[in-house]
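Down below is the structure, laid out as structure tokens.
Whatever order the structure lists ligands and atoms in, that order sets their numbers, starting from 1.
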Amino acid sequence: MVALSINGLSKSFGQVPVLDALDLEIEQGSLVAILGASGGGKTTLLRLICGFERADHGSIAIAGAAMDAPLGNGGRRLHVRPERRRIGYVAQDGALFPHLAVGANILFGLDRAGRRDVARAEALLDLVGLPTAYASRLPQTLSGGEQQRVALARALAPAPRLVLLDEPFSALDASLRTGTRQAVAEALARAGATALLVTHDQSEALSMGDRVGVLREGRLVQLAAPAVLYRRPIDADLARFVGEAVLLDGLADGACVACALGRLALAHAVAPGPVEVMIRPEQIRLRPDGAGCAASVETIAYYGHDAGLTLRLSDGARVAARIDGATALGLAAGAAIGLEVQGAVVAFPVADRHSNPIAGAPPCP
Ligand SMILES: Nc1ncnc2c1ncn2[C@@H]1O[C@H](COP(=O)(O)OP(=O)(O)OP(=O)(O)O)[C@@H](O)[C@H]1O
Ligand SMILES: [Mg+2]
């Protein structure tokens with residue numbers, strides 16, 4: 001069943017368009033993460049779904065029922081009040097009430113009887129992976145990650161049809177973020193909740209979303225499983241936005257492409273002609289025997305588990321590679337090495353480039 005259905009949603013503030021005919025459908029029980037730059041309209045989208053803003057055009061339906069939609073042709077619109085939409089909203093600032101204990105925070109949105117239901121608060125604490133004894137503590141005595149989980153428990157308390165999460169982990173440090181993301185994703189799955197999360201953090205989107213959408217110029221330019229989005233982005237801008245990307249000029253001839261890193265197999269065929277070739281840094285492998293494409297090491301950034309290299313090819317082009325940390329320890333800036341590309345690459349046709357320096361390369365491997 002479709003839990004959330006958005007069609008042609010547009011919203012402007014004054015003369016400034018924020019959302020432009022956006023479409024999105026979320027299946028019951030799944031989590032969609034939307035990735036977008038700051039100011040791109042992520043919070044606006046969630047506020048429209050909640051009913052805190054009114055759409056200019058298009059429609060929003062929850063479980064098949066219209067929430068914000070045109071009424072006939074007269075320009076009038078249906079707008080269901082926020083409290084009637086049964087949505088759990090973890091807002092960007094996500095603040096808990098400092099004067100209320102954790103349990104009272106969780107039960108805050110319920111009716112009078114619900115607010116006295118200690119067992120329910122404890123069950124929700126358990127659901128988000130926190131000790132039930134936390135119910136009596138004040139929020140400021142919890143860590144940032146624990147407070148985020150309480151905010152989620154509060155959003156889940158009224159058994160909402162839909163949970164919206166606005167950058168819920170942005171205030172957490174890196175070590176806490178990973179664990180909290182996982183705990184929240186598990187809690188949502190256990191509750192069988194349908195969720196929409198918006199973030200500008202690509203690792204958050206890729207690790208949490210069953211599907212990930214990229215919001216650009218007010219629309220979802222691609223909505224796909226995380227691996228598809230990462231490995232098969234639909235254009236070069238998207239490739240750069242979702243992860244690190246090496247982009248080189250190339251010449252495609254159907255199933256293969258010739259570029260400064262040699263002749264490479266394409267993940268999907270493109271029309272013969274000039275292209276931009278997209279290679280992920282971890283696809284570039286070093287050949288200690290010097291075979292493959294000649295390059296020299298320019299810089300090495302050691303991160304521990306892995307390392308980022310900048311390599312200069314013989315034609316002067318610079319490419320980024322990501323290799324494991326142990327291998328990087330054996331390298332020095334200036335070293336001459338060979339490179340090869342592992343796996344298929346993606347090519348984006350370039351309409352306005354007529355000449356190509358790589359024409360006449362050897363046949364496809
Ligand atoms: N009530 C409002 N009145 C006027 N402009 C607004 C209003 N709300 C949002 N905007 C503008 O709409 C644009 C999108 O804002 P929004 O908060 O949706 O972005 P965002 O993607 O959530 O950004 P961030 O990642 O920084 O939270 C911004 O340019 C913002 O200034
Ligand atoms: Mg925002």
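Protein non-hydrogen atoms do not reach within 4.0 Å of atom 31 (O) of ligand 1. At a distance under 4.0 Å, a protein heavy atom can be found next to atom 2 (C) of ligand 1.
In this structure, Arg280 is positioned above the aromatic face of Tyr230, its NZ or CZ under 6.0 Å from the six-membered ring centre and within 45° of the axis. Taking the centre and axis of the six-membered ring of Tyr134, the NZ or CZ atom of Arg149 falls outside the cone set by 45° and 6.0 Å.
The ligand atoms of ligand 1 that sit less than 4.0 angstrom from a heavy atom of Ser38 are 23 (O), 24 (P), 25 (O), 26 (O). Here is the list of ligand 1 atoms found below 4.0 Å of a heavy atom in Glu167: 25 (O). Under a 4.0 Å criterion applied to the non-hydrogen atoms of Ala37, ligand 1 contributes the atoms 21 (O).
Remark: among candidates His200, Arg47, Lys42, the nearest residue to atom 21 (O) of ligand 1 is Lys42, based on non-hydrogen atoms.
For Lys42 (side chain) and Ala37 (main-chain N/O), a donor-acceptor pair under 3.5 Å exists by modelled atom type.
Of the N or O atoms in Val18, none lie within a sub-3.5 Å distance of an N or O in ligand 1. At a 3.5 angstrom cut-off on N or O pairs, Gly41 counts as close to ligand 1. By the 3.5 Å distance cut-off applied to N or O atoms, Thr43 is counted among the residues near ligand 1.
A salt bridge links Asp201 to Arg181: at least one charged side-chain nitrogen sits closer than 4.0 Å to a carboxylate oxygen. Between Asp68 and Arg77 there is a salt bridge, since at least one side-chain N of the basic residue sits less than 4.0 Å from a carboxylate O of the acidic one. The pair Asp111-Arg116 fails the salt-bridge criterion, with no side-chain N (NZ, NE, NH1 or NH2) lying under 4.0 Å from an Asp/Glu carboxylate O. Of the charged side-chain nitrogens involved, at least one lies within less than 4.0 Å of a carboxylate oxygen, so that Arg47 and Glu53 count as a salt-bridged pair.
For the residue pair Asp56 and Ser10, no side-chain donor N or O sits within less than 3.5 Å of a side-chain acceptor on the partner. Gln148 and Thr180 are not linked by any side-chain donor-acceptor pair at a separation below 3.5 angstrom, with hydrogens and angles left out of the test.
Here the protein contributes Thr43 OG1, Gln92 OE1 as N, O or S atoms under 2.8 Å from the Mg ion (ligand 2).
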With side-chain contact (heavy atoms from CB on, under 4.5 Å) as the criterion, how do Asp324 and His305 come out once you've worked through the C-alpha distance, each side chain's angles and the decisive distance to 0.1 Å?
CA-CA 6 Å; Asp324 70 274; His305 55 296; over 6 Å; no
